[in-house]
Structure formats: C-alpha cells, structure tokens
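No experiment lies behind these values; they were computed from the predicted model shown. Computed from heavy atoms alone, side chains included, the values below leave out hydrogens, waters and symmetry copies. Every number for a ligand or one of its atoms is a count from 1 in the order of the listing.
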Amino acid sequence: MITVEEAKNIIEDNVSELKESVSILTKDALGFRLAEDIHSTSDLPPFNQSNVDGYAVCGISKVWNVIAEIKAGDHTNLVLKEGEAARILTGAMVPAGSDCVIMQERIERKENAITLVDVEIKKYEHIRLKGSQIKEGEMALPKETLINPSVVGFISSMGVKEIKVYRKPRIALIITGNELQEVGTKAEQGKIYESNSSSLSAAALTMGLSIENIIFAKDDKIKLAEAVNSVIQSTDVLLISGGISVGDYDFVNEVLQENKTETLFYKVAQKPGKPLFFGKNKNTYVFGLPGNPASALTCFYEYVYPCLRKMQGYSNIHLTKVQLPLEAAINKKKGLANFLKAKASTNSVLSLEGQESFKMRSFAEANAFIYLPLDCENKNAGELVEVHLHPNL
Ligand code: AMP
Ligand code: MG
C-alpha cells in the first residue's frame, strides 16, 4: 500500500500530454489547446474605422461642409478635402483625408454646415486605425494557448474558421456489479440503482470532457475480460467502476493482470478509496475505481482529474488547494489519509455528517474535501486544514 502523495507522484510521472492534433471549427474549440501558432491573415481593423457616431472631418478648424454619409458596412472611395466632412456611424469606414472623427454631441448642424461647439479636436481622435489591434502576418496566439471564450472570439475576428488543436482524451467506462439496476426501471428486491456512470460522466463534463463509451458488465471474469478487451485499444483512459476489492466476485485486478496491464499502483492508504488501481496498457491509462459511489467520485476528483488535466497540457493539474480553519473538531486516527466531504466558505470549512463511502447525500451538499494526511490525528475547531475545492461548473 502506498501513500496518497506517492500515488499522485506516480500519476504525474507516468502520464504525458496528448500531442496528436486535429482540425476543428473555431466556434467548437472551447477547452481545447492550440496545436499551431495563429498568425493574423489581415490587418485588424482592416480599414480605418469610426469609433463613434459623428462626423469625419478634414482640416483642424471649427466649421465644415457635410458632403456624404457613410454607414457601417458601406465601402467608400471618398477623399475628403480641407473643410469637408462626412456624416459617419460607429464601425464605418473613415474616408481618406480625414483628420479625426468628432462625436455628434460636440457638433451643431445647420443644413450641411457643422460647427464645433466646445472641445478641441485632436488628430486621429475617435479613429480605430487600420492594423492597430494586429498587423497582417503578426503572431496572434502561440501554440499551446488554452482556448477560452475570448480566444474563440479573437480567432473568429481574424476570419479563421478552422484551427488545429490537440485532441482531447477519449474516456471509456466499464461499470461492474450484478446488483446494479438502471435508473428509471422498477426497483427490484436486492438491487440498487446504478449511479456511478451518471456521477462520473457529470464530473468529466465539468472538465469539458465526455465519457464516450459506457459498458455494463456482470461480475463474471470472462464477461469482464471481453468488455475490457473490446474497449482498451480505442481509448486513452479506461475507468472501471467496482470489482477492484478482494471479494469473491471482484475480478478487475485479475483481468487486468491477465491482459498485461502494467500495475503502477494498487491500494492507497486512504479513506475512502483504499483499493484504487492505476495502471497502463500500451498507451491506455487504466483506473480501477472502488464502486462505492462516494469512493468512485472522490478517486475521480483526486486521481483521474489530474491524469486528464495532465493529458490536456495543464500545468496546474490538481483540484485547487486552500488552507481554511475548521468550523468544528474532527476525530481521526493515524494510518489512513482522509478525504472528507466538506462545505467550504470564504473563511472556514465544515466536515459534513455522513462520511461513509456509500453516502451520496452528504457529497451532494459538499463543495470540497478536507484532506487529512495519514499520520494526522484529531483536529480541533479553528485549526487550519488543507481543503481541495471541487471543480466549478
Ligand atoms: P464494489 O467496489 O464492486 O465492491 O462495490 C462496492 C459498493 O458500491 C457495493 O455496495 C456496490 O453495490 C456499490 N456500487 C458499485 N458500483 C456501483 C455503481 N455503479 N452505482 C452505485 N453503487 C455501486
Ligand atoms: Mg461489485
């Protein structure tokens, strides 16, 4: 059995970034990482643009004669001469010869004559100069940039419809357990509703990922081996829920040994999730997650999450850690590290009632774990503890 810290180091040391690139529509690229430098294919703005509704004027004087109107979207070849002005609207092309654009609030208009009422005007005022955001050929965004909504907007504003990104990890999930019944069916005696496929899929969604393939397998060694072999080559991360303990019908470890999955660790000195398995089969990382619903989701957040983040090229791969004082005392013995379902607020953290690993009610209330390392003992109210915040939606 290894410690939490050792297990996390093994994940960090063995998992590498996915470097295969794919083309994708810019509008669909949220959460991906650029696999190419993006250079601007044009000047932005592509022409001198008015920043306000007003008048483009030629000559720094006080009175001009309005000779044209230019709306947003119009193309104009007009060249203003000294003393001439054009009525212009926000975003419209500023005609050649303009010294500046004057806001309409600063002007008095009589017929076609406009007169400046108050302020002084400055050269190029209220003109968004051609190329002032970025010039044609200039580097806009470097390779590896994480694509957030503003990056999507910036790339689109350069007219780029498709980009190269690193592909996201493909995740498959095998659910084991004869006792499990699909939600939405009539409850049968001796069975419980299967919930890990839902909670783990939702956890993947919070990371911008999806579990593409979910297979249900009975507690039968041959059936489980078939399920594993059917999916292992075509996935980057295989999650197996349940069947990793030492019960008579727990076949996951045996099946993984027989199909030559290299064990990187098996069993961690922690509660919940002691029988956690992590291994590698060719290029596929395999997690054997204990089936208890709270254990499976805790192990996802603490181990699968950093693995997937590392594959996606993040440098901060773990849940965000903060130190907070305890609202109430906690009893703990030495021996196993604890991840306690907890409610964190700005100034303190509370360990919730119902820490047993079959209980999801308390997990549903939690927004964080309190992490207590294995040699830590009882903690008093007010003592600082390490808190791992669950990912935000
Ligand atoms: P196991 O890890 O297979 O020994 O399962 C431990 C406990 O978790 C048992 O009480 C199972 O019934 C329960 N369990 C296992 N898998 C699931 C699941 N997918 N959804 C809900 N409960 C589960
Ligand atoms: Mg089971």
Checklist entry - Are the side chain of Q181 and the backbone of E188 linked by a donor-acceptor contact shorter than 3.5 Å? => result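 Yes; judged by distance alone, with no hydrogens or angles, the pair exists.
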
Checklist entry - Between Y305 and H390, does the ring centre distance come in under 6.0 Å? => result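 No, the ring centres sit 6.0 Å or more apart.
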
Next on the checklist: Is the terminal nitrogen or CZ of K267 (NZ for Lys, CZ for Arg) located under 6.0 angstrom from the six-membered ring centre of F277 and within 45° of that ring's axis?
Outcome noted: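 No, cation not above the ring by the 6.0 Å, 45° rule.
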
Item to check | Cation over ring face, K271 and F339, 6.0 Å, 45° | outcome: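 K271 over F339 ring: no.
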
Numbered atoms of ligand 1 (with element) below 4.0 Å of [X], judged on heavy atoms:
{"X": "I192", "answer": "12 (O), 22 (N)"}
{"X": "G243", "answer": "1 (P), 2 (O), 3 (O)"}
{"X": "P293", "answer": "21 (C), 22 (N)"}

Item to check | Q49 and H126: side chain donor to acceptor below 3.5 Å | outcome: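 There is no such pair between these side chains.
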
Next on the checklist: Under a plain distance cut-off of 3.5 Å, with no hydrogens placed, do E302 and H388 share a side-chain donor-acceptor pair?
Outcome noted: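 Indeed, the side chains of H388 and E302 share at least one donor-acceptor pair under 3.5 Å.
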
Return the closest protein heavy atom for [atom] as residue, atom name and distance.
{"atom": "atom 11 (C) of ligand 1", "value": "E179 OE2, 2.9 Å"}
{"atom": "atom 18 (C) of ligand 1", "value": "N196 ND2, 3.3 Å"}
{"atom": "atom 10 (O) of ligand 1", "value": "N292 OD1, 4.1 Å"}
{"atom": "atom 4 (O) of ligand 1", "value": "D250 OD1, 4.1 Å"}

Residue-level breakdown please: for [X] versus ligand 1, do any non-hydrogen atoms fall below 4.0 Å on the side chain, on the backbone, on both, or on neither?
{"X": "E194", "answer": "both"}
{"X": "L180", "answer": "side chain"}
{"X": "Y193", "answer": "backbone"}

Charged N-O contact under 4.0 Å between [X] and [Y]:
{"X": "D236", "Y": "R170", "result": "yes"}
{"X": "K221", "Y": "E258", "result": "yes"}
{"X": "E377", "Y": "K333", "result": "no"}

Next on the checklist: If the contact criterion is a heavy-atom separation under 4.0 Å, does G177 count as touching ligand 1?
Outcome noted: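 The answer is no: ligand 1 sits nowhere under 4.0 Å from a heavy atom of G177.
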
Checklist entry - Can S195 be said to touch ligand 1, with heavy atoms closer than 4.0 Å? => result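 It does; at least one heavy atom falls under 4.0 Å.
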
Next on the checklist: Does R87 form a side-chain contact (heavy atoms from CB on, under 4.5 Å) with Y55? I'd like the steps, not just the answer.
Outcome noted: CA-CA 5 Å; R87 168 77 177 136; Y55 293 86; 3.6 Å; yes

Compute the shortest N/O to N/O distance between [X] and ligand 1 and return yes if it is under 3.5 Å, no if not.
{"X": "S245", "result": "no"}
{"X": "G242", "result": "no"}
{"X": "G291", "result": "yes"}

